[in-house]
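Report on the structure given below.
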Amino acid sequence: MSDTNSFNDGIIKEFRANGGKVGGMFEGAPLLLLTTTGAKSGQPRTSPLVYLREGDRSYVFGSNGGGPAHPSWYHNLLADPKATVEVGEETFAVTATTITGTERDEIYARQVVVSPGFGDYERQTSRVIPVVALAPVD
């Protein structure tokens, strides 16, 4: 069900088995599972993502480890902004919106403060890393 590899598959399995808690490089980090609909396949695709929570919105960042291309989950959300999020043991529907301009820059800067690795990702790529707001569906 994951859209990348066995590394993500292991994180997803651990997340679901432990009420949203994982060890390793993501231990203690705010992590959610985002399930999108594959833009090409139409199949569900699940990605573990570090997120920033503000109010009723969660923000995720298309850093792709500082790589040159946007991650597949971002392309999936552009094709269909309806998705599902798992946080801890809670699962809920969301609608995704890409944040741009000054608002994007401010949110990304807040993420860098709480997770400095995101600053490294930004320095490693020439693209603007997408910031996506996930708002719960009423």
Side-chain angles (χ1 to χ4, degrees):
M1 197 188 232
S2 147
D3 74 344
T4 54
N5 56 34
S6 60
F7 176 76
N8 279 354
D9 291 342
I11 294 169
I12 292 164
K13 188 180 229 180
E14 184 179 1
F15 183 103
R16 289 178 173 157
N18 297 299
K21 296 193 184 329
V22 298
M25 65 188 287
F26 294 112
E27 186 169 1
L31 196 68
L32 60 74
L33 299 183
L34 175 68
T35 300
T36 61
T37 300
K40 294 178 184 170
S41 70
Q43 298 300 307
R45 304 291 185 200
T46 301
S47 302
L49 302 172
V50 171
Y51 72 100
L52 178 66
R53 177 77 177 215
E54 293 184 345
D56 66 344
R57 292 172 132 193
S58 296
Y59 296 96
V60 291
F61 308 87
S63 64
N64 208 13
H70 296 320
S72 57
W73 61 260
Y74 179 68
H75 294 290
N76 293 343
L77 289 175
L78 291 176
D80 181 356
K82 295 180 182 78
T84 303
V85 165
E86 296 171 58
V87 175
E89 296 180 343
E90 186 181 3
T91 301
F92 52 95
V94 295
T95 300
T97 305
T98 300
I99 306 299
T100 59
T102 304
E103 184 182 10
R104 177 255 171 232
D105 297 345
E106 291 169 354
I107 294 166
Y108 200 89
R110 290 195 296 272
Q111 178 63 10
V112 169
V113 168
V114 296
S115 189
F118 281 86
D120 296 336
Y121 299 148
E122 196 166 40
R123 286 186 289 278
Q124 292 170 16
T125 187
S126 59
R127 66 187 173 86
V128 174
I129 294 174
V131 172
V132 178
L134 304 173
V137 176
D138 293 332

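These numbers were taken from a predicted model, which means no experiment stands behind them.
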Flag side-chain contact, heavy atom, 4.5 Å: Val85 against Glu90: no
With the 4.5 Å side-chain cut-off for hydrophobic clustering, are Tyr121 and Phe7 part of the same group? yes
Check ion pair Glu122-Arg104 (N to O, under 4.0 angstrom): yes
Pairwise side-chain contact, Ile99 with Ile107, heavy-atom cut-off 4.5 Å (strictly under): yes
Derivation and outcome, side chain to side chain contact (heavy atoms under 4.5 Å, CB included), residues Val50 and Gln111: CA-CA 10 Å; Val50 171; Gln111 178 63 10; 3.6 Å; yes
When rounded to the nearest 0.5 angstrom, what is the spacing between CG in Leu32 and OG1 in Thr84? 11.5 Å
Taken to the nearest 0.5 Å, the spacing of Leu78 CG from Thr98 OG1 works out to 5.0 Å
Would you name the heavy atoms of Gly119 and Val112 that are closest together and state the gap between them? N-CG2, 3.6 Å
Any link between Leu134 and Val137 through a network of hydrophobic side chains (Ile, Leu, Val, Met, Phe, Trp, Tyr) touching at under 4.5 Å? no
Taking the side chain from Ser41 and the backbone from Gln43, do they hold a donor-acceptor pair closer than 3.5 Å? yes
Does either side chain, that of Tyr59 or that of Arg57, offer a donor lying less than 3.5 Å from an acceptor on the other one? yes
Any idea which heavy atoms bring Glu54 and Leu52 closest together, and the distance? OE2-CD2, 3.7 Å
Considering all heavy atoms, the nearest Thr125-Gly66 contact: CB-O, 3.4 Å
Smallest heavy-atom separation, Ala39 atom then Ala79 atom, equals CB-CB, 3.8 Å
Honestly curious: do Phe92 and Leu34 fall in one hydrophobic cluster under the side-chain, below-4.5 Å linking rule? yes
Less than 4.0 angstrom from a charged side-chain N to a carboxylate O is my criterion; do Lys21 and Glu27 meet it? no
Got a second to check how far Trp73's CH2 is from Asn64's CG, nearest 0.5 Å? 9.0 Å
Rounding to 0.5 Å, atoms CG (Leu31) and CD1 (Ile11) come to a distance of 7.0 Å
From Asn8 CG over to Arg45 CZ, what is the distance, rounded to the nearest 0.5 angstrom? 12.5 Å
Under 6.0 Å between ring centres: does that hold for Tyr108 and Phe61? yes
Within one Ile-Leu-Val-Met-Phe-Trp-Tyr cluster: Val113 and Phe118, side-chain cutoff 4.5 Å: no
Answer yes if Val22 and Val114 sit in the same cluster of Ile, Leu, Val, Met, Phe, Trp and Tyr residues linked by side chain heavy atoms under 4.5 Å apart, and no otherwise. yes
NE2-CZ distance between His70 and Arg127, expressed to the nearest 0.5 angstrom: 5.5 Å
Minimum-distance pair of heavy atoms, taken over all atoms of Leu77 and Thr36: CD2-CG2, 3.6 Å
If we ignore hydrogens and angles and just use 3.5 Å, is the side chain of Thr37 paired with the main-chain N or O of Pro44 as donor and acceptor? no
Determine the minimum heavy-atom distance between Arg53 and Gly55, stating which atoms define it. NE-O, 3.0 Å
Does Arg16 form a side chain to side chain contact (heavy atoms under 4.5 Å, CB included) with Thr46? I'd like the steps, not just the answer. CA-CA 12 Å; Arg16 289 178 173 157; Thr46 301; 4.0 Å; yes
